[in-house]
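Following: one structure in structure tokens, then a few remarks.
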Amino acid sequence: DLNENMRRIENELRIINIEKMFGHDNVALVERSRQFSMKGSKAARKAEKEEARRSQAPLAKVGSAEGALLSPKSPLKANANRMSTSLNKPASEGASSASGPDSEYKPRIFVREGQLLRYSNDFKKKVARHLFVFNDLVLVAEEVGRNKFKLKEKCGLVQCWVLRESSAELRAADEKHADASFVFGTPSRIYSFLAASGEAKEAWCNALAKAILAQKRLLETDIGRFDIPQQQYKAVLVRPRREYRGTSHVELTFSQGEEIICFRNLFEIEDQAEEDAWLQGLNGSSFGWFPAGCLRGDGDSDSKKSSGDAEPVNLSLDQIMIVRRQTFAMHNGCGGGDDDGGGGDKKQPLRVYNMEGKNATYKSMNVPESATSTDVIAMYFDKMKLEGNNPDNFSLYEVSADSSMDQRLADDERPAKVVSIWGPYGDHMKFVLRDKTKPLYARTQPE
């Protein structure tokens with residue numbers, strides 16, 4: 001389409017001109033749009049092979065209307081043996097004609113630019129800042145001359161967040177302009193910006209939120225390719241130097257200085273660029289991913305320095321199961337795994353404990369993988385030939401040997417799937433049957 005090609009040429013010419021405005025600052029805008037590549041799991045490798053098989057689009061020739069002026073960089077190399085690149089890492093230099101899901105050249109797209117005022121930390125002063133927003137990153141700059149800028153920060157939008165409401169501190173300090181202000185967060189800084197008007201603020205927030213959302217969708221897809229980690233979990237307590245507001249279900253939210261659990265080597269991810277690295281953490285009962293830059297803020301240059309001497313954590317089974325269960329949800333929610341019940345013919349051995357009385361008893365049963373907790377309770381009553389009790393009065397609980405986890409299964413939850421989430425920790429977990437009509441008893445678990 002001629003009009004589409006013209007728009008693409010205009011977009012890329014504008015990007016070239018913006019890069020020239022930064023003089024000696026290496027903003028590196030003339031490159032392919034940042035693409036995610038999470039190639040560590042078996043499911044990811046299978047998906048990549050299928051995508052490569054279906055892919056028919058060749059690289060456009062440089063200088064042609066399809067190529068639209070910008071030279072394509074080499075695609076991220078798919079490596080079936082390891083994680084080849086980090087989340088949000090720019091493609092490496094050099095031309096390549098390799099085929100596959102990353103081989104089609106995708107240029108960076110300009111979204112919006114303009115001047116805002118940035119509040120100081122005490123909200124008493126304001127300085128002018130110029131924002132350049134693209135589909136995958138944002139530049140925060142200071143204007144130093146006519147069409148000349150000095151780079152203050154460059155950050156991938158996948159690690160950013162925007163909040164339309166100004167903080168209580170800002171409202172108290174500048175109530176007159178509070179309705180035209182908003183918060184924009186990166187791993188390095190939290191910006192309080194003032195737009196020219198309330199309408200201008202909405203336009204900025206809408207543009208940023210839309211671009212960020214698109215990047216978060218890519219993040220969800222890539223993280224969803226990871227299976228439940230099976231290796232030993234190692235973690236430390238850290239206090240992030242920057243607040244982070246996760247806007248996706250795969251991300252973790254926390255405040256500055258809040259104590260969270262940070263995992264080490266939970267997934268096999270190699271070659272993460274320092275400025276784009278991601279870590280995994282646990283905040284209460286929430287597990288998710290967050291930018292490593294939040295641990296160092298705008299101070300340390302090495303994220304490991306902020307957490308390297310942190311206190312190691314002995315994880316409870318409850319915390320381990322939170323990680324495993326939520327990782328499974330992320331994986332399954334993006335099309336990974338098998339959550340269709342596996343067919344009613346397959347059987348799964350289950351051991352169900354009856355905790356009534358001082359002497360706990362149990363019954364081992366082979367149940368269909370598709371059986372719900374309600375089905376398993378009914379099967380237990382049938383196997384044990386219990387009379388005088390109504391199965392509807394009982395619930396099935398997931399209980400850990402260290403008593404850190406004691407959670408009721410939903411009526412439609414499948415115990416066989418719960419067992420698969422337990423994985424190598426199955427010997428330390430059990431199913432417990434309880435009468436809902438009776439008061440809670442002392443939860444003394446069997447040996």
Side-chain angles (χ1 to χ4, degrees), residues 227-230 233 284-287 315-333 336-447:
D227 296 316
I228 300 174
Q230 302 298 330
Y233 294 7
S285 60
S286 296
F287 168 77
L315 298 171
S316 68
L317 284 169
D318 179 42
Q319 292 170 323
I320 291 173
M321 289 303 131
I322 288 173
V323 174
R324 296 181 66 82
R325 187 180 292 273
Q326 294 187 25
T327 300
F328 170 79
M330 295 174 188
H331 178 66
N332 189 65
D338 176 16
D339 196 38
D340 61 1
D345 294 331
K346 293 183 179 180
K347 301 288 185 179
Q348 169 74 48
L350 297 181
R351 176 177 287 188
V352 179
Y353 285 84
N354 185 358
M355 298 300 295
E356 295 302 315
K358 294 182 178 180
N359 298 319
T361 60
Y362 67 86
K363 177 66 178 178
S364 295
M365 304 177 293
N366 288 323
V367 303
E369 289 187 348
S370 59
T372 66
S373 61
T374 300
D375 297 331
V376 170
I377 293 172
M379 293 175 64
Y380 179 90
F381 272 74
D382 182 63
K383 292 286 185 181
M384 298 295 287
K385 300 189 182 303
L386 296 177
E387 298 180 358
N389 288 308
N390 185 355
D392 294 340
N393 292 335
F394 285 77
S395 294
L396 202 60
Y397 284 74
E398 180 183 1
V399 180
S400 64
D402 65 359
S403 301
S404 63
M405 184 174 190
D406 195 326
Q407 178 174 301
R408 178 183 178 274
L409 270 67
D411 292 341
D412 59 352
E413 195 166 359
R414 291 187 283 117
K417 183 59 67 177
V418 174
V419 170
S420 69
I421 294 174
W422 290 352
Y425 297 90
D427 291 342
H428 305 285
M429 304 293 295
K430 64 170 75 68
F431 290 116
V432 173
L433 195 65
R434 292 185 180 141
D435 189 340
K436 295 183 290 187
T437 65
K438 294 185 178 181
L440 294 177
Y441 49 84
R443 294 179 177 175
T444 303
Q445 308 298 339
E447 297 295 331

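Side chains included, hydrogens not; waters and symmetry mates left out as well; all remaining heavy atoms used.
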Run the side chain to side chain contact (heavy atoms under 4.5 Å, CB included) check on Met321 and Gln407 step by step: do they pass?
CA-CA 11 Å; Met321 289 303 131; Gln407 178 174 301; over 6 Å; no
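- Closest approach of Val352 to Val376, counting heavy atoms only: CG2-CG1, 4.0 Å.
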Candidate pair Tyr380 and Phe394, rule ring pair (Phe, Tyr, Trp, His ring centres under 6.0 Å), full reasoning
CA-CA 11 Å; Tyr380 179 90; Phe394 285 77; 8.4 Å; no
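- Between the side chain of Gln348 and the main chain of Ala416, no donor-acceptor pair closer than 3.5 Å is present.
- Minimum interatomic distance between Val432 and Lys430 (heavy atoms only, all atoms of both residues): CG2-CD, 3.7 Å.
- Atoms CE and CE, from Met365 and Met379 in turn, are 5.5 Å apart once rounded to the nearest 0.5 Å.
- Rounding to the nearest 0.5 angstrom, the gap separating the OG atom in Ser373 from the CG atom in Asp412 is 7.0 Å.
- Closest non-hydrogen pair, Lys347 versus Pro368, comes out as NZ-CG, 3.8 Å.
- Shown here for Tyr397 and Arg434, the closest heavy-atom pair between the two residues is CD2-NH1, 3.1 Å.
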Before giving the answer on side chain to side chain contact (heavy atoms under 4.5 Å, CB included), spell out for Met384 and Leu433 the whole-Å C-alpha distance, their side-chain angles and the decisive distance to 0.1 Å.
CA-CA 13 Å; Met384 298 295 287; Leu433 195 65; over 6 Å; no
Working note: His331 + Ile228, criterion side chain to side chain contact (heavy atoms under 4.5 Å, CB included); need CA distance, chi angles, decisive distance, verdict.
CA-CA 8 Å; His331 178 66; Ile228 300 174; over 6 Å; no
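- Remark: Asp411 pairs with Arg408 by the salt bridge (Lys or Arg N to Asp or Glu O under 4.0 Å) rule, at least two apart or across chains.
- The structure places OG of Ser370 at 7.5 Å from CZ of Arg414, a figure rounded to the nearest 0.5 Å.
- Shown here are the ring-ring contact (aromatic ring centres under 6.0 Å, His included) partners of Tyr233, two or more places apart in sequence or in another chain: there are none.
- Looking at Asp375, its side chain does come within 3.5 Å of a backbone N or O of Thr372 through a donor-acceptor pair.
- The OG1 atom of Thr437 sits 11.5 Å away from atom CG of Asp392, with the distance rounded to the nearest 0.5 Å.
- Taking NZ of Lys346 as the reference point, atom CG of Asn366 lies at 14.5 Å (rounded to 0.5 Å).
- In this structure the side chain of Pro424 reaches within 4.5 angstrom of the side chain of Gln230, judged on heavy atoms.
- Summarising the geometry, atom CZ belonging to Phe431 is positioned 5.5 Å from atom CG belonging to Leu350; distances are rounded to the nearest 0.5 Å.
- Using a cut-off of 4.0 Å between Lys/Arg side-chain N and Asp/Glu carboxylate O, Arg324 and Glu398 are scored as not salt-bridged.
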Could you go through Val418 and Arg325, starting from their C-alpha distance and side-chain angles, then the distance that decides it, and tell me whether this counts as side chain to side chain contact (heavy atoms under 4.5 Å, CB included)?
CA-CA 8 Å; Val418 174; Arg325 187 180 292 273; 4.1 Å; yes
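- The two residues Asp402 and Leu317 have their closest heavy-atom pair at OD2-N, 3.2 Å.
- Although no hydrogens or angles enter the test, the distance criterion places no donor-acceptor pair under 3.5 Å between the side chain of Lys363 and the main chain of Phe381.
- Checked by atom type, the side-chain pair Ser316/Asp318 shows no donor-acceptor distance below 3.5 Å.
- The two atoms that bring Pro415 and Ala371 nearest to each other are CD-O, 3.3 Å, heavy atoms only.
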